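Remarks on the structure that follows.
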Amino acid sequence: MKKWAFVSDFDGTISKKDFYHLVMEKYFHEGAALFTKWKAGEMKDIDFLTTVFSSIHQDETQIIEDIHSLEIDEHVTAFIRKVQAQGGDFYILSAGTDYYIDHILQKHGITDVKVFSNEGYYQEKNVHMNIDPAHPHYSERYGIDKSKVIAELKEEYDTIYFAGDSEPDSHPADVADVTFAMEALQGILEERCTPFIKVNDFHDIDRYLTDAGVLK
């Protein structure tokens, strides 16, 4: 067994804005009604994202430029390197798509980070997702079942730390050993009586793990 790993959500946790929000603001204003329907539980997450990502209608160079415009947490790159330097492995776990995550990681020079996400690709001026119901991590609602990924990683590591910010992250929070919750996830976990540590950013996480002796 390896000692420990840190697993982080991407949109709204590592990135400051969800990619779907960027798409809706720039190319798909009609998505506001769909967003309301989705948040009301009348639409599956994967169906909402599929619709939004296929409504961009731009050349790939423009889409990549838009992806690169997404800001990320100012401390996350240094935090990832710190985790890796001190014996931990860092993973990204996202119910979005690896298409834009990979572009962001390349832009910021983040390496040796495995991404668990829905497979994404560019085709005919849009971003599409390849969802495989036969995949062991498959979820009908999210495309990827984050709790299954965490459970699988727990077979390799003594301790799994997890960070997230929204409803899809409430499920892996039930499985992780320690959960760092940002934004809406805090209220959700409080209601579910799921233990968590309240944080605003990766500076807070770094301080907590340093005080706990996990990081130096």
Side-chain angles (χ1 to χ4, degrees), residues 7-73 76 91-108 110 113 115-135 137-149 163-173 181-185 187-188:
V7 183
S8 178
D9 167 55
F10 187 82
D11 291 87
T13 303
I14 288 177
S15 70
K16 293 188 175 182
K17 178 187 285 188
D18 290 59
F19 180 60
Y20 73 78
H21 271 306
L22 182 151
V23 173
M24 287 169 61
E25 287 169 7
K26 288 198 72 173
Y27 306 117
F28 188 47
H29 298 151
E30 315 90 282
L34 274 186
F35 179 83
T36 302
K37 190 175 178 182
W38 168 49
K39 285 299 183 182
E42 299 170 13
M43 192 174 194
K44 292 175 187 171
D45 296 59
I46 199 65
D47 293 335
F48 170 74
L49 292 181
T50 296
T51 304
V52 173
F53 294 164
S54 61
S55 303
I56 303 174
H57 308 306
Q58 299 293 321
D59 291 332
E60 188 169 27
T61 51
Q62 179 60 52
I63 293 176
I64 293 172
E65 184 179 314
D66 291 332
I67 292 168
H68 285 173
S69 75
L70 282 171
E71 291 183 56
I72 65 171
D73 183 290
V76 71
Y91 296 91
I92 290 172
L93 177 55
S94 170
T97 165
D98 59 9
Y99 176 79
Y100 58 83
I101 294 172
D102 288 342
H103 281 298
I104 290 284
L105 296 183
Q106 288 167 18
K107 179 193 174 186
H108 292 277
I110 298 171
V113 170
V115 177
F116 292 98
S117 187
N118 295 306
E119 182 185 349
Y121 59 96
Y122 171 84
Q123 183 176 297
E124 296 176 349
K125 296 197 170 187
N126 287 298
V127 175
H128 303 274
M129 289 186 284
N130 180 26
I131 308 298
D132 179 10
H135 195 284
H137 300 153
Y138 171 73
S139 162
E140 185 181 351
R141 178 177 175 183
Y142 303 106
I144 183 171
D145 187 324
K146 292 187 173 187
S147 58
K148 286 181 180 176
V149 176
D165 76 306
S166 59
E167 192 280 331
D169 301 316
S170 64
H171 309 289
M182 303 177 189
E183 303 291 342
L185 183 60
I188 295 168

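Bear in mind the structure is a predicted one, so any value in this text is a computation, not a measurement. The first residue in the sequence is number 1, and the count goes up from there.
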From [X] [atom1] over to [Y] [atom2], what is the distance, rounded to the nearest 0.5 angstrom?
X: Ile144; Y: Tyr138; atom1: CD1; atom2: OH; value: 12.5 Å
X: Tyr99; Y: Ile64; atom1: OH; atom2: CD1; value: 4.5 Å
X: Ser166; Y: Asp11; atom1: OG; atom2: CG; value: 8.5 Å
X: Ile131; Y: Asn118; atom1: CD1; atom2: CG; value: 3.5 Å
X: Glu119; Y: Met129; atom1: CD; atom2: CE; value: 11.5 Å
X: Lys125; Y: Glu60; atom1: NZ; atom2: CD; value: 12.5 Å

Margin query: Using modelled atom types and a 3.5 Å cut-off, is there a donor and acceptor pairing between side-chain atoms of Ser69 and backbone atoms of Asp66?
Written below: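 Answer holds: yes.
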
Taking the inter-plane angle between the rings of [X] and [Y] on a 0 to 90° scale, is it parallel (under 30°), tilted (30 to 60°) or perpendicular (over 60°)?
X: Phe116; Y: Tyr91; answer: tilted
X: His137; Y: His135; answer: tilted
X: Phe53; Y: Phe19; answer: tilted
X: Trp38; Y: Tyr20; answer: perpendicular

For the [atom1] atom on [X], are there more than 12 heavy atoms of other groups (residues, nucleotides or ligands in this structure) within a distance under 6.0 Å?
X: Gln123; atom1: CD; value: yes
X: Glu42; atom1: CD; value: yes
X: Glu25; atom1: CD; value: yes
X: Lys37; atom1: NZ; value: no

Do the non-hydrogen side-chain atoms of [X] and [Y] ever get within less than 4.5 Å of each other?
X: Phe28; Y: Leu34; value: yes
X: His103; Y: His68; value: yes
X: Ile101; Y: Leu105; value: yes
X: Val7; Y: Pro172; value: no
X: Lys39; Y: Phe48; value: no
X: Ser15; Y: Ile104; value: no

Tell me the closest heavy-atom pair linking [X] and [Y], and the distance in Å.
X: His128; Y: Ser54; value: CE1-CB, 4.4 Å
X: Ala95; Y: Leu49; value: O-CD1, 3.4 Å
X: Ser8; Y: Ile14; value: OG-CG1, 3.5 Å
X: Lys146; Y: Asp169; value: NZ-OD1, 2.6 Å
X: Leu70; Y: Lys17; value: CD2-O, 3.6 Å
X: Gln58; Y: Ile63; value: O-CD1, 3.6 Å

Check: Does a side-chain N-to-carboxylate-O contact under 4.0 Å join Asp73 and Lys16?
Finding: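 Result for this pair is no, no salt bridge flagged.
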
Notebook entry, point to check: Would Thr51 and Met43 satisfy side chain to side chain contact (heavy atoms under 4.5 Å, CB included), going step by step from the backbone distance to the final call?
Noted result: CA-CA 11 Å; Thr51 304; Met43 192 174 194; 4.0 Å; yes

Next item on the list: Please report the C-alpha distance between Val23 and Val127 in whole Å, then the side-chain angles of each, then the deciding distance to 0.1 Å, and finally whether the side chain to side chain contact (heavy atoms under 4.5 Å, CB included) criterion is met.
Entry: CA-CA 11 Å; Val23 173; Val127 175; over 6 Å; no

Strictly by modelled atom types, are [X] and [Y] linked by a side-chain donor-acceptor pair under 3.5 Å?
X: Tyr27; Y: Asn126; answer: no
X: Thr13; Y: Asp165; answer: yes
X: Gln106; Y: Asp102; answer: no

